[in-house]
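Since the structure comes first, as structure tokens, the remarks are kept for the end.
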There are 2 protein chains.
Amino acid sequence: MAATERSTRDRLLDAFETLLVTAGSRAATLDAVAAEAEVSKGGLLYHFHSKDELVEGMLTRLREQGEADVAKMRTAKKGPVEFYLATSVNTGSNFDRALVAAGRIAQENDSRASAALADLREGWFTVLREHLGDESLARTIQLIGDGLYFDDTTGLTEKNALKHVRAVLKRLDVL
Amino acid sequence: MAATERSTRDRLLDAFETLLVTAGSRAATLDAVAAEAEVSKGGLLYHFHSKDELVEGMLTRLREQGEADVAKMRTAKKGPVEFYLATSVNTGSNFDRALVAAGRIAQENDSRASAALADLREGWFTVLREHLGDESLARTIQLIGDGLYFDDTTGLTEKNALKHVRAVLKRLDVL
DNA sequence: GTCTATACTTCGATAGAC
DNA sequence: GTCTATCGAAGTATAGAC
């Protein structure tokens with residue numbers, strides 16, 4: 001068997017996330033998702049019976065990706081802090097996209113999305129605190145990561161932000 | 001003359017912001033805004049001829065509030081850093097609401113909203129850098145503020161986050 | 001498993017009465 | 001300055017052919 005084709009189902013979730021991230025939740029309509037995935041609306045609704053199911057499919061995938069990310073962070077060569085900061089700036093990965101997309105949904109008052117994001121953050125924080133042995137430092141670094149992420153998703157990206165953060169963390173003997 | 005009544009125009013902008021913040025951009029429809037402000041849709045459209053004008057009215061108000069905020073930050077008794085951090089956690093003020101609302105609009109790919117937010121951030125950053133005389137520190141503190149703000153708007157508020165940040169900043173001789 | 005056709009609802013906006 | 005009535009476009013969802 002040749003390299004497994006990306007399933008229609010996955011392409012639909014990708015399209016949904018892409019639209020949420022690049023154009024916002026108002027633009028992420030079923031029509032637009034179907035068009036982006038190059039499927040008809042009927043085709044979409046075969047895989048996901050409603051928009052709500054589309055959200056659920058997306059969040060399920062996010063949780064899987066999230067668990068893998070926390071595991072990678074725990075054993076990262078350069079240490080959890082550097083891994084965490086480096087992946088807080090948008091690298092354009094599938095995981096980044098899923099994360100930002102979930103953020104958009106959370107803002108529409110969706111408790112499932114908020115819960116998924118909160119769980120993820122808790123995973124990151126646990127690793128940071130274990131590694132640093134210092135709650136204040138762990139919380140502060142998590143906030144810096146949130147800030148980097150926020151700036152990215154709001155189109156406010158400051159080119160050298162990470163460089164400045166690293167300089168400050170060195171003064172604190174963290175890096 | 002008695003205390004000036006809040007104008008219908010202002011009530012409409014308030015309603016628009018409230019809906020954006022509490023329910024997201026998909027829920028902030030003209031119908032919903034009119035209902036929230038207790039005006040008919042026709043009444044709304046007398047003051048704002050289109051949804052776009054509603055956005056513009058909101059951003060104009062935000063810029064005014066923003067200038068006042070930066071001025072207050074510059075001369076704050078406890079210093080700009082403490083002022084900036086304290087106002088980065090949502091205090092429920094009108095300015096907070098306007099800020100979050102603009103963030104929602106910015107995410108719908110609206111360049112006017114992004115520009116307004118970028119200008120505001122630049123104002124804060126300028127004061128931080130002047131006061132600290134250190135770009136890395138200023139950038140890092142701004143990121144922490146972004147993180148505090150982000151957590152608030154995503155419903156991830158960590159009660160004692162500010163306490164931990166203050167502890168770390170003391171180690172850096174900032175507070 | 002994917003398509004077209006269509007029903008129903010909601011959205012943004014206009015027209016005109018009061 | 002505010003209201004009701006209404007229109008056309010776009011949104012979600014269903015039914016049924018292929």
Side-chain angles (χ1 to χ4, degrees), chain A residues 1-61 101 104-105 107-110 112-113, chain B residues 1-59 61 101 104-105 107-113:
Chain A
M1 178 156 100
T4 314
E5 294 279 329
R6 193 145 196 75
S7 70
T8 300
R9 197 191 137 91
D10 270 324
R11 276 193 300 116
L12 285 164
L13 290 177
D14 292 347
F16 184 41
E17 289 177 357
T18 297
L19 284 164
L20 282 170
V21 171
T22 62
S25 45
R26 263 172 77 76
T29 65
L30 295 185
D31 282 278
V33 171
E36 173 81 19
E38 294 178 302
V39 181
S40 71
K41 215 200 293 196
L44 188 170
L45 286 160
Y46 167 78
H47 292 280
F48 302 98
H49 296 6
S50 69
K51 198 171 184 182
D52 216 67
E53 282 190 19
L54 203 51
V55 171
E56 260 164 22
M58 193 191 84
L59 293 177
T60 299
R61 244 185 23 171
R104 302 282 198 254
I105 299 294
Q107 291 182 346
E108 306 289 324
N109 239 345
D110 187 308
R112 298 163 302 173
Chain B
M1 174 157 97
T4 315
E5 293 277 329
R6 193 146 198 73
S7 71
T8 300
R9 197 191 136 91
D10 269 324
R11 277 193 299 115
L12 285 164
L13 290 177
D14 292 348
F16 185 39
E17 289 177 358
T18 298
L19 283 164
L20 282 169
V21 171
T22 62
S25 44
R26 276 181 105 247
T29 65
L30 295 186
D31 282 276
V33 171
E36 173 81 19
E38 294 178 303
V39 181
S40 70
K41 215 202 291 201
L44 187 168
L45 285 160
Y46 167 78
H47 292 281
F48 303 97
H49 296 6
S50 68
K51 197 171 184 182
D52 216 67
E53 281 189 20
L54 201 53
V55 171
E56 259 163 21
M58 192 190 85
L59 293 177
R61 244 182 26 168
R104 303 282 198 252
I105 299 293
Q107 290 182 347
E108 306 289 325
N109 240 346
D110 187 307
S111 55
R112 298 163 301 174

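Every chain is numbered from 1 and lettered A, B, ... according to where its sequence line falls, protein lines coming before strand lines.
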State, yes or no, whether a side-chain contact exists between Val33(B) and Lys41(B) at a heavy-atom distance under 4.5 Å.
no

Protein-nucleotide distance (Leu19(B), atom CG; dC11(C), atom P), rounded to Å:
11 Å

Output yes when Glu36(B) and Arg11(B) qualify as a salt bridge under the 4.0 Å nitrogen-oxygen rule, no when they do not.
no

For Arg9(A) and Asp52(B), find the nucleotide of DNA chain C closest to each by heavy atoms; which residue's nucleotide sits nearer the 5' end?
Arg9(A)

Which residues in residues 38-46 of chain A have at least one heavy atom lying under 4.0 Å from any atom of DNA chain D?
Lys41(A), Leu45(A)

Salt bridge or not for Arg9(B) and Asp14(B), using N-O below 4.0 Å?
no

Do Leu13(A) and Phe48(A) come within less than 4.5 Å of each other through their side chains, counting heavy atoms only?
yes

Take the protein atom CZ of Phe48(B) and the nucleotide atom C1' of dG1(D), then report the distance between them rounded to whole Å.
14 Å

How close or far is atom C1' of dC3(D) from atom NE2 of His47(B), stated in whole angstroms?
12 Å

Measuring to OP1 and OP2 of dA10(D), would you say a side-chain N or O of Arg26(B) lies under 4.0 angstrom away?
no

Ion pair present between Arg104(B) and Asp110(B), side-chain N to carboxylate O less than 4.0 angstrom?
no

Whole Å only: how far is the CZ atom of Arg11(B) from the C1' atom of dG1(D)?
12 Å

Closest approach to the side chain of Thr8(A), judged atom by atom: which nucleotide of dA13(C), dG12(C), dT2(C) is it?
dT2(C)

Closest to the Leu30(A) side chain, choosing from dC11(C), dT2(C), dA13(D)
dA13(D)

Asn109(B) side chain to Gly24(A) main-chain N or O, any donor-acceptor pair under 3.5 Å?
no

Contacts of Ala27(A) and His49(A) projected onto DNA chain D by closest heavy atom; the upstream (5') one is Ala27(A)

Closest to side chain of Lys51(B), choosing from dG1(C), dA13(C), dG1(D)
dA13(C)

Does the distance from a Lys or Arg side-chain N to an Asp or Glu carboxylate O, for Arg112(A) and Asp52(A), drop under 4.0 Å?
yes

To the nearest angstrom, the CG-C1' distance between Leu54(A) and dG11(D) comes to 14 Å

